[in-house]
Amino acid sequence: MGIDIVSNRPIATILSEALPNTLQLASTGLLLALVFGLLLGSIAARRPGTLLDTVLGVTSVAFITTPAFVVAIVLLLVFSVQLQWFPVTGAGEPGQPLDRLVHLALPATALAIGWVGYLARLIRASLLEVLSEDHVRMMRAYGVPERRIVGRYAMRLALIPVVAVMGIGVGDMISNAVFVEIIFARPGVGSLIYNAILARNFPVVQAGILFTVLVYVTANLVVEILNAWLDPRIARSLGPGS
Amino acid sequence: MRALLADVWASPTGRIGMVLTAAILLFITFGPLVTPNPNLLAVQAKFLPPSLAHPMGTDNLGRDLLARAAQGTRAAVLIAVAVVALSSVIGALLGVIAGLLGGWIDRAILIIFDIISAYPPVILAMGIVALYGTGASNLLLVVTILFLPQFGRMARAQTLSLRNQPFVDAERILGLGTARLVTRHLLPNVVGPLIVLASMNVPVVITIEAGLSFLGLGVQPPQASLGTLIKDGYIYLDQSWWPTIGAAAILAITTLGATLFGEALRDASDPKRKGGFQ
């Protein structure tokens, strides 16, 4: 990919140093968003119309509308500067998993917040839809416990729309990783591109953007395939003779 | 229109959205008139905490933060409205043309949309700004491009479902040209859902604009925007956290209000979704 005009090192080397940091950050963020989004969404869907449901709904919207970089600054201010529970900057020493996890906690939370809200609402809506279907009523009539209905049967169906938006999720994680990496001074592809832009170091900008797009498009391809595998109707619509 | 707004007012979240949106609109209309000059320097009065003279305190150069917030919110909202207006109109035109004409034109327009959406949004914006330079007008252009595919795809889908309806055939037989068919009959049918999508995208654009300005790639100093205010505060975070938190709170209120309002508008305009708040 050529030589960096500032440091005189191969750009491929620079990128391969930065990429793992960003991938760790983005995947941890996505994982956090999935876990907490599913949790909050299924809690709300089990009690539609209650006060708890309304509170969770409004919280979700607030999570969605607060930009990741604002969340990142507030987390930094509260937990790193005031309380000093977490380190302020960097990605931790390489080869020390615990140190890296501690450095990952706040940035990954900042990335995840928006999607926690988004996924909670998505899961709530799709779970409610599935729970109102005939086969669920049938299971209830047979006396299958509600916990088992939701956990075993309904959740699997309700997850299909979640998988479908994961492609967009990856794009959002990569986009917001730029802000989070800058605010927490983490080395990564986002901060690499940003610093290269400020330094007018165009070969690095080009390579960085090319790489990010490659990751994004690949992630989307995987999501599409996963989606077709989960929902045979989609596979048929893509197959021959459609 | 009036019935629609009444429906929005009837839902609790829509009412919150309406109140917040109205408050922000009042703030950006009258705020700059009643506050002091947002660029007035008073270096000896820097980092003042909130007081009667400076309700939101002052920044690193002693500028009144309420005045800068009013100016910055106005810039953010104006840019967002301009972006959404531009990209919905251009997107709708491209989408209707693609859907109506089909063939290679359709494919070409779709490929353009696909290329735009192949980039993570902020990365594409950063790339274009890196090439063509920073500033409010470039920012406007970049974010407009970012949102074209959404509007275009929606207009195309609408057109495809309209194209085979009898009234289009009837107009063809009556000898209507394509241009007239598009402007007089197809676009009006596409407008409803587009307006809803546009209103839902206003807070998203505000967020992206604030993000790019925060990175220093959008609105340039001394002109204030919510993003540059947060950035200025962030640089001096160790000396004073008022500037950052104040601007961040206004940004959050603006996007929250606009989102709640947009969602209530969507629910009210779609009879199938009426009643539910999701």
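Here is the naming used below: chain letters follow the sequence lines, and residue numbers restart at 1 for every chain. Quick caveat, the model's predicted, so the values are computed rather than measured.
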Under 4.5 Å heavy-atom distance to chain A, tell me which part of [X] shows up: side chain, backbone, both or neither.
{"X": "Ile206(B)", "answer": "neither"}
{"X": "Ala210(B)", "answer": "both"}
{"X": "Tyr119(B)", "answer": "both"}
{"X": "Ile208(B)", "answer": "neither"}
{"X": "Pro121(B)", "answer": "both"}
{"X": "Thr254(B)", "answer": "neither"}

Can you confirm whether more than 12 heavy atoms, excluding those of [X], are under 6.0 Å from its [atom1] atom?
{"X": "Tyr216(A)", "atom1": "OH", "value": "yes"}
{"X": "Phe202(A)", "atom1": "CZ", "value": "yes"}
{"X": "Glu17(A)", "atom1": "CD", "value": "yes"}

Just how far is it from atom [atom1] of [X] to atom [atom2] of [Y], taken to the nearest 0.5 Å?
{"X": "Leu217(B)", "Y": "Ile197(A)", "atom1": "CG", "atom2": "CD1", "answer": "5.5 Å"}
{"X": "Tyr194(A)", "Y": "Ile123(B)", "atom1": "OH", "atom2": "CD1", "answer": "13.0 Å"}
{"X": "Ile183(A)", "Y": "Lys231(B)", "atom1": "CD1", "atom2": "NZ", "answer": "12.5 Å"}
{"X": "Met126(B)", "Y": "Ile193(A)", "atom1": "CE", "atom2": "CD1", "answer": "5.5 Å"}

Q) At a heavy-atom separation under 4.5 Å, does Val189(A) approach chain B through its side chain, its backbone, both, or neither? A)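 Contact with chain B: none, neither part.
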**Q.** Engaged part of Phe69(A) at the chain B interface, taking heavy atoms whose separation is under 4.5 Å
**A.**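 Side chain only.
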Q: Select, from Leu215(B), Ile245(B), Ile230(B), the one with the greatest count of heavy-atom pairs under 4.5 Å involving chain A.
A: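 Counting heavy-atom pairs under 4.5 Å, the top option is Leu215(B).
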Q: May I ask you to name which of Gly227(B), Ser117(B), Ala258(B), Gly211(B) has the most heavy-atom pairs under 4.5 Å with chain A?
A: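 Maximum pair count with chain A is reached by Gly211(B).
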Q) Picking from Leu251(B), Thr244(B), Thr207(B), what satisfies side chain to side chain contact (heavy atoms under 4.5 Å, CB included) with Val70(A)? A)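 Of the listed residues Leu251(B), Thr244(B), Thr207(B), the side chain to side chain contact (heavy atoms under 4.5 Å, CB included) partner of Val70(A) is Leu251(B).
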Q) Under the side-chain contact (heavy atoms from CB on, under 4.5 Å) criterion, do Val61(A) and Leu260(B) qualify, and how do the steps go? A) CA-CA 8 Å; Val61(A) 183; Leu260(B) 290 176; 3.7 Å; yes
Q.
Below 4.5 Å, heavy-atom pairs only: which of Val215(A), Thr212(A), Ile209(A), Ile64(A) has the largest tally toward chain B?
A.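 The candidate making the most pairs under 4.5 Å is Ile209(A).
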Q) Relative to chain B, which of Thr66(A), Leu77(A), Val205(A), Val217(A) shows the most heavy atom pairs under 4.5 Å? A)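 Ranked by heavy-atom pairs under 4.5 Å with chain B, first place is Leu77(A).
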